[in-house]
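To start, the structure itself, in structure tokens.
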Amino acid sequence: MAREFQRGHKAKISDLTPGTDLYVGVQIAAPGLTFDISCFGLDANEQLSDDRYFIFFNQPKSPEESIQLLGAQSGDTESFRVTLDRIPAAIQKLSFTATLDGSGQMSQIGPGYIRIVAGGEEVVRYAFTGSEFTTERAVMLGDFYLKDVWRFAAVGQGFDGGLDALLKNFGGEVAEEEAPPAAAPAAAPGFAPPAQAAAPPAFGAPPAVQAPQPAPSFGAPPAPTPPPAPQQPMHAAPTIAAPLAPQMPQAPQAPSPYGQPHQPQFGQVPGQGAPPAPPFGQQVPAPYGQPAPAPYGQQPPVGMPPGVPQGMPQGVPQGAPATGAGLQAALQPYKEAATGQRWTPQNQQLMRVDLTMGGSGVLARQGSMVMYQGKVDFGYKSAGFVGRAVGNATGQEMQLMRCTGRGQVFLAEEGSHLHPIELQGDAICVSAESVLAFDESLQYEVRRVEGHGIPGGALFTMQFQGAGTVIVKTHGTPVALPVTPTTFADCNAVVAWSAASQVIVSSQVRLRRNAYPGHSGETVNLQFRGAPGNFIVVQPYEV
């Protein structure tokens, strides 16, 4: 199931899919407007130090074909094929952008998206609309970036200039060219997915490199035969003359690394050379003595004018005052923790649940939501007439809300310490007062603890059983003790115990506190018995 990202969301590619051969689709449109969708392959300084890694309509693939422009297909305005384990180590970031070709502004666009598909299944989608922009003529949609491992970030940052301004921002130099000789327009080959037996991502084959052919004579004087190039329609967009940043020394072209007896890889021209790629994920030294690259997010945002200090957080609007690295250092300890798990503690008092994982909803105590991201629906969870009657009679009534949808919900209550307890078919008893939230897949019921010396004749607790997680809240840090024949606990301090434990009333029970001088003041004590492996959890607080 695809994860829906919001602007600024980031994740490891390995958390989204184990694959490295990915399809990237972009959908963006507006009535009467034309868009150029490109991919910039940037170095550690976020500069286009090698213009062969600017992938656009006139250069549809990188030298080793790790990045390929596929064209419109499967409902996408433009699509790419990205093979992460073939990208050279000098390329540390892939920035996917959309620019307007002609007049207009990004506020005119309709709903669009950038998505990643692996093995025919969409794994992540970042959706955007024109209401997020104003007069911008370009937008940086999403980034693949290398930080120990490849990651994806939903950017959604508007850019005032068009393609020329993006080139200059990434270190490319725009040069004017003489208009080419007029030629009759030729029919461009259509980008269509090849026939396949299975249903992987619909990769469209890039145009094959044609052998040089004599130019058709349309009355124009004969001109020198240009070097072979993909047969693409010529555009008036400026091209890159030279990068501003020095290029990394390139290894001599070697015979194609895919020239073994087996068939060439998809989209590869047999015999075409490619530079040998370093091991996947290897860092390269900064060229010509430049400082080592800073972690992703610590560099100036794309589109920042020269002279702005390093360390300004990405996404700060142009012209905003620089705050330096101190702000980032101050916020670093409080960053969101995303582990790829359904339930993730953010700290001792805050729990995050990712509803896009697990396939079922979450039941949480009403009022415990402190923040959420994404498209989440909150509904009242009724216990029914019988449930309300039992809850009123036993004191184990829980006012619950049901959380469903696609997003992340953050839960807390009055600074209580939160503890996720994962059940794998086993059972646990927890007082309803100590339950914050749990997976809807768990079965729960009120359980009676008999005792002749207990006021009212019995105690009650909630029993949870099945496969899922229950979040238990405590006052302070609890202690978990193994059950032995001499394990006793005050019923007002015990939080939970294993459902297989035997619970009986202690013989030292007194009905009233301070009934006589020297009394301990404890109302009800419980004794726990059971086989090895049973436990109780006690908090340093009496309810």
Side-chain angles (χ1 to χ4, degrees), residues 337 339 341-353 362-365 367-368 370 394-400 410-424 426-439 442 444-447 449 451 454 459-466 468-506 508-509 513 520-543:
T339 62
Q341 304 295 323
R342 178 172 169 87
W343 295 91
T344 305
Q346 304 299 294
N347 51 53
Q348 288 186 328
Q349 291 90 22
L350 187 63
M351 183 70 60
R352 187 191 84 155
V353 56
V362 167
L363 298 178
R365 187 177 295 274
S368 62
V370 296
T394 62
Q396 300 298 304
E397 182 179 12
M398 293 187 292
Q399 299 293 328
L400 299 174
F410 293 78
L411 303 171
E413 187 174 63
E414 297 180 350
S416 298
H417 289 209
L418 305 181
H419 314 274
I421 300 177
E422 183 178 357
L423 302 180
Q424 298 179 350
D426 41 357
I428 188 172
C429 294
V430 187
S431 171
E433 179 65 26
S434 300
V435 176
L436 179 73
F438 54 93
D439 285 322
L442 290 175
Y444 60 98
E445 62 180 357
V446 177
R447 181 177 176 181
V449 179
I454 302 176
L459 288 177
F460 298 90
T461 185
M462 298 295 298
Q463 177 174 300
F464 294 86
Q465 186 171 9
T469 299
V470 56
I471 307 301
V472 176
K473 60 188 183 78
T474 64
H475 293 271
T477 303
V479 59
L481 299 173
V483 170
T484 68
T486 57
T487 300
F488 298 85
D490 181 358
C491 69
N492 292 315
V494 67
V495 176
W497 63 84
S498 51
S501 300
Q502 180 186 7
V503 185
I504 60 177
V505 178
S506 168
Q508 301 178 11
V509 168
R513 288 181 184 264
S520 67
E522 304 300 339
T523 308
V524 177
N525 291 334
L526 300 178
Q527 181 179 8
F528 293 85
R529 297 177 180 176
N534 288 281
F535 63 88
I536 64 169
V537 179
V538 180
Q539 62 185 356
Y541 180 88
E542 291 191 6
V543 179

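Model, not experiment: these values are computed from the prediction.
Atom CG of N347 is separated from atom CG of L418 by 8.5 Å, given to the nearest 0.5 angstrom. The CD atom of Q527 lies 8.5 Å from the OG1 atom of T484; values are rounded to the nearest 0.5 Å. The line from CG of L526 to CZ of F488 is 10.5 Å long, rounded to the nearest 0.5 Å. One distance of note links CH2 of W343 with CD1 of I421; it measures 12.0 Å at 0.5 Å rounding. Rounded to the nearest 0.5 angstrom, F535 CZ and I428 CD1 are separated by 4.0 Å. To the nearest 0.5 Å, the span separating CG on L400 from OG on S368 amounts to 9.0 Å.
Taking the side chain as every heavy atom from C-beta outward, K473 and R365 approach each other to under 4.5 Å. The closest side-chain heavy-atom distance from V446 to M462 is below 4.5 Å. In this structure, V435 and Y444 have side chains that are not in contact, with every pair of non-hydrogen atoms separated by 4.5 Å or more. Taking 4.5 Å as the limit, some side-chain heavy atom of D439 sits within range of a side-chain heavy atom of R342. Contact of the F464 side chain with the L423 side chain is registered, since non-hydrogen atoms from C-beta on lie closer than 4.5 Å. In this structure, the side chains of V472 and V537 stay at 4.5 Å or more apart for every pair of heavy atoms. When side chains are defined from C-beta on, W497 does not count as touching V483, because their heavy atoms never get closer than 4.5 Å. Counting heavy atoms from C-beta outward, T344 and Q346 have side chains that approach closer than 4.5 Å.
Contact detail for Q349 and G415: the closest heavy-atom pair is CG-O, 3.1 Å. Shortest non-hydrogen contact noted between P345 and A337 is O-CB, 4.4 Å. Nearest heavy-atom pair across R447 and C429 is NH1-SG, 3.3 Å. Considering every non-hydrogen atom in both A412 and L350, the closest pair reads CB-CD1, 4.0 Å. Taking every heavy atom of both residues into account, V370 and L411 meet most closely at CG2-N, 4.4 Å. Pairing each heavy atom of L436 with each of E413, the nearest pair is CD1-CB, 3.9 Å.
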Side chain to side chain contact (heavy atoms under 4.5 Å, CB included) assessment of F528 paired with N534: CA-CA 9 Å; F528 293 85; N534 288 281; over 6 Å; no

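Between S434 and S431, the side chains place no donor N or O within less than 3.5 Å of an acceptor N or O (distance only, hydrogens not considered).
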